[in-house]
2 protein chains.
Amino acid sequence: MASLHDVALIAGVSKSTVSRVINDEYGVKGATKIKVQKAISECGYIPNQVAKDLKSQKTNLVGVIVPRVSSHATALGVDGLTSILDKAGKHVLLASTHQEHQKELEYIQIFNQKRVEGIILYATHLDKTLVNAIQISNVPVVLVGQDGSMHNIPSIVHDDYRVGYEAGNRLTAKGCKKIGFIGVQGDDLAVDRLRSQGLAQALEFNQLSLLFHARGDFSIESGYETAKEYLSKFTETDGIFCATDRIAVGAIRAIQENGITPGKEIKVLGVGNDELASVCTPSLSTFNYAFDKAGENAAKLLLERINNQGFEMSKVVLTFQNIERETC
Amino acid sequence: MASLHDVALIAGVSKSTVSRVINDEYGVKGATKIKVQKAISECGYIPNQVAKDLKSQKTNLVGVIVPRVSSHATALGVDGLTSILDKAGKHVLLASTHQEHQKELEYIQIFNQKRVEGIILYATHLDKTLVNAIQISNVPVVLVGQDGSMHNIPSIVHDDYRVGYEAGNRLTAKGCKKIGFIGVQGDDLAVDRLRSQGLAQALEFNQLSLLFHARGDFSIESGYETAKEYLSKFTETDGIFCATDRIAVGAIRAIQENGITPGKEIKVLGVGNDELASVCTPSLSTFNYAFDKAGENAAKLLLERINNQGFEMSKVVLTFQNIERETC
DNA sequence: TTGAAAGCGATACCAG
DNA sequence: CTGGTATCGCTTTCAA
């Protein structure tokens, strides 16, 4: 592959001159410029960005780590953050951990070696080793989805505790007394713990208590299975708060299979405002989460940290909107 | 940031020796090794991959260009391809064009400058300038979603003509006689042209002809609006083939608004087997497209081309499965 | 207006 | 077993 050197030889000038032409620097004679440009197209020269990056000590690269891209939250998030980073002239190095936690550590290290300027990490948990890996990172890390602010890690989070609280209020306002929660694995602070705690808090405020706290994974199928199991154990259930819309969609199916109408005998609430929620029958009442804004804000916050600014913000908490549909 | 040089100074050895320790090369005295390792952790040395890449003339980087990541096809595709590339030790540089065609050209160029080893391009069209940009690319490009094989561009495609043909057969088998098509912009060969042409071919074979060919975009909303408009124009419609499931979901809503039951008076078919299709009511009959396999195959084919193999394959055509549900 | 040379951070060959 | 040196492809002073 042709290099500056080759172009210089063909054009009969020095590398410096070729460099000047390429970078449109002023102070090159017109004739020389043309000679060089001819040489460039003649040998199909393509500037080597790797060499430039090394020389300039600047990569314009941002690393993004996600558990998987085919989820509502991450797909919209990635679209959001790329649109911001694009405008800032940054390029995105994308890594999917495919749900293997230990890969998060690996990629933080790899990205540091690749001299990215910052990292956006979509997390589903936050343990000691991960916090440590983030803290020893040489480049700023912005967390999305989990709150790392107590460890001084800038974070973009949704208002998970309050969404639980609001869910409790919406369900009790509709007359529910026996309310259960279907969450995910317990180490997911944001999705399982905070949302359920907020719910419990609201119930307590209304002199009620949580009927059950079930756990499955993020799939529709799991929502179905889990709901089926708990509905047979707790036949008195009249309200279910599901940690995500997909789980709720599964739960709705389980309820219907029992010959019960979701939204009447049993109210159901999800979280996220997944497109599925508007399309299923009965349509799912939920909370709109601004996943695209989460990505955008993560990108903006990271850009500030890269420019050694934005240190006054420890986290951004995104609000949500109640979406009223048929199930509650 | 500390470099080999700094480590060498601290340890009191030469850069060569430090390099040997880092790369675990044999032939270093135990004592020296320990000295060096101490120096490394002392100054927090992190190997510079940019320098390595320049020296080794190898980046292990693959560029991926998508119109947007938050679509069923691309999100699943990216998950599929990252899992394959991961195993091959390749990293992914991701670019979203946010539907701006001209960005495809830009990114092909940028990726070439970044010395990626290959490019996977999710295309929604294929015009002369794009073909040209691909052909002058110094690194192999694999196309996904559109067929570039006639231009000698290796491609992963779904069997779009045959899916149209099969749709025609499924609809006529259910007794439909007045069948319309709702597609997207006309320059989308795969999604609009091929699917509609296959449909027309099947109808012709059954002594029928296409009632209408409507065009909108990829959104549910557009499917709804377009269906509404054409149903009022063509009241005799008894079958609609939609280019995607999302469009079909919108169409179903429009049909229901007219007091008609989708699946009875008017049959509906979509394409893709989006999760929405199984969740909406009535559930949508469709065709399962293996979007994850498309990504995996693109990655595999690209890896072969990177290794100067796989030249015997000009394209991979992925098959589909009929998904029978309530609307047809 | 142009060129020579140093240097970014690593590797690899050749000496010693 | 270890060190010196050239090199990857580019930018950037400093001289001419």
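Below, chains carry the letters A, B, ... as their sequence lines are ordered, and counting in each starts from 1.
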Item checked: Separation of A/Leu143 CG from A/Tyr122 OH (nearest 0.5 Å) -> 11.0 Å
Nearest whole angstrom, please: distance from the [atom2] of [N] to the [atom1] of [X].
{"X": "B/Met1", "N": "C/dG9", "atom1": "CE", "atom2": "P", "value": "10 Å"}
{"X": "A/Leu4", "N": "D/dT12", "atom1": "CG", "atom2": "C1'", "value": "13 Å"}
{"X": "B/Asp53", "N": "D/dT7", "atom1": "CG", "atom2": "C1'", "value": "16 Å"}
{"X": "A/Ile22", "N": "D/dG9", "atom1": "CD1", "atom2": "P", "value": "13 Å"}
{"X": "B/Ile46", "N": "C/dG9", "atom1": "CD1", "atom2": "C1'", "value": "14 Å"}
{"X": "A/Lys58", "N": "D/dC10", "atom1": "NZ", "atom2": "C1'", "value": "17 Å"}
{"X": "B/Asn48", "N": "C/dA10", "atom1": "CG", "atom2": "P", "value": "5 Å"}
{"X": "A/Leu54", "N": "D/dT7", "atom1": "CG", "atom2": "P", "value": "17 Å"}

Less than 3.5 Å between a donor and an acceptor, one on the side chain of [X] and one on the base of [N], is that the case here?
{"X": "B/Arg115", "N": "D/dG9", "answer": "no"}
{"X": "A/Ser16", "N": "C/dA4", "answer": "yes"}
{"X": "B/Lys55", "N": "D/dT7", "answer": "yes"}

Check: Mind checking whether B/Val50 and B/Leu54 have side chains closer than 4.5 Å, heavy atoms only?
Finding: no
Notebook entry, point to check: Would one find more than 12 heavy atoms of other residues, nucleotides or ligands at under 6.0 Å from atom NE2 of B/His5?
Noted result: no
Item checked: B/Lys35 atom NZ: more than 12 heavy-atom contacts under 6.0 Å -> yes
Next item on the list: Taking all non-hydrogen atoms of both residues into account, name the closest pair between B/Glu117 and B/Val139 and its distance.
Entry: O-CB, 3.8 Å
Closest to the [X] side chain, choosing from [options]:
{"X": "B/Arg20", "options": "D/dC1, C/dC13, D/dC10", "answer": "C/dC13"}
{"X": "B/Val13", "options": "C/dA12, D/dG3, C/dT11", "answer": "D/dG3"}
{"X": "B/Ser14", "options": "D/dC10, D/dG4, C/dT2", "answer": "D/dG4"}
{"X": "B/Thr32", "options": "D/dC1, D/dC10, C/dA10", "answer": "D/dC1"}

Checklist line | Comparing B/Gln57 and B/Lys33 on DNA chain D - which has the more 5′ nearest nucleotide | finding: B/Lys33
Next item on the list: Could you say whether A/Ser3 or B/Lys15 is positioned toward the 5' end of DNA chain D, judged by the nucleotide with the nearest heavy atom to each?
Entry: B/Lys15
If the cut-off is 4.0 Å, is [X] near the phosphate of [N], judged by side-chain N/O to OP1 or OP2?
{"X": "A/Ser19", "N": "D/dT11", "result": "yes"}
{"X": "A/Asn23", "N": "D/dT11", "result": "yes"}
{"X": "B/Thr17", "N": "D/dT2", "result": "no"}
{"X": "A/Tyr26", "N": "C/dT2", "result": "no"}

Check: In terms of ring plane angle, is the pair B/Tyr289 and B/His158 parallel, tilted or perpendicular, where the classes change at 30° and 60°?
Finding: parallel
Next item on the list: Take the angle between the ring planes of A/His101 and A/His125 and call it parallel below 30°, perpendicular above 60°, tilted in between.
Entry: parallel
Next item on the list: Dump the intermediate steps for side-chain contact (heavy atoms from CB on, under 4.5 Å) on B/Gln109 and B/Asn112, then the final yes or no.
Entry: CA-CA 5 Å; B/Gln109 209 192 342; B/Asn112 268 280; 5.7 Å; no
Notebook entry, point to check: Using rotation axes that map the C1' atoms of four end pairs onto the next four (five pairs an end), what angle separates the end axes of the helix from C/dT1-D/dA16 to C/dG16-D/dC1, to 10°?
Noted result: 50°
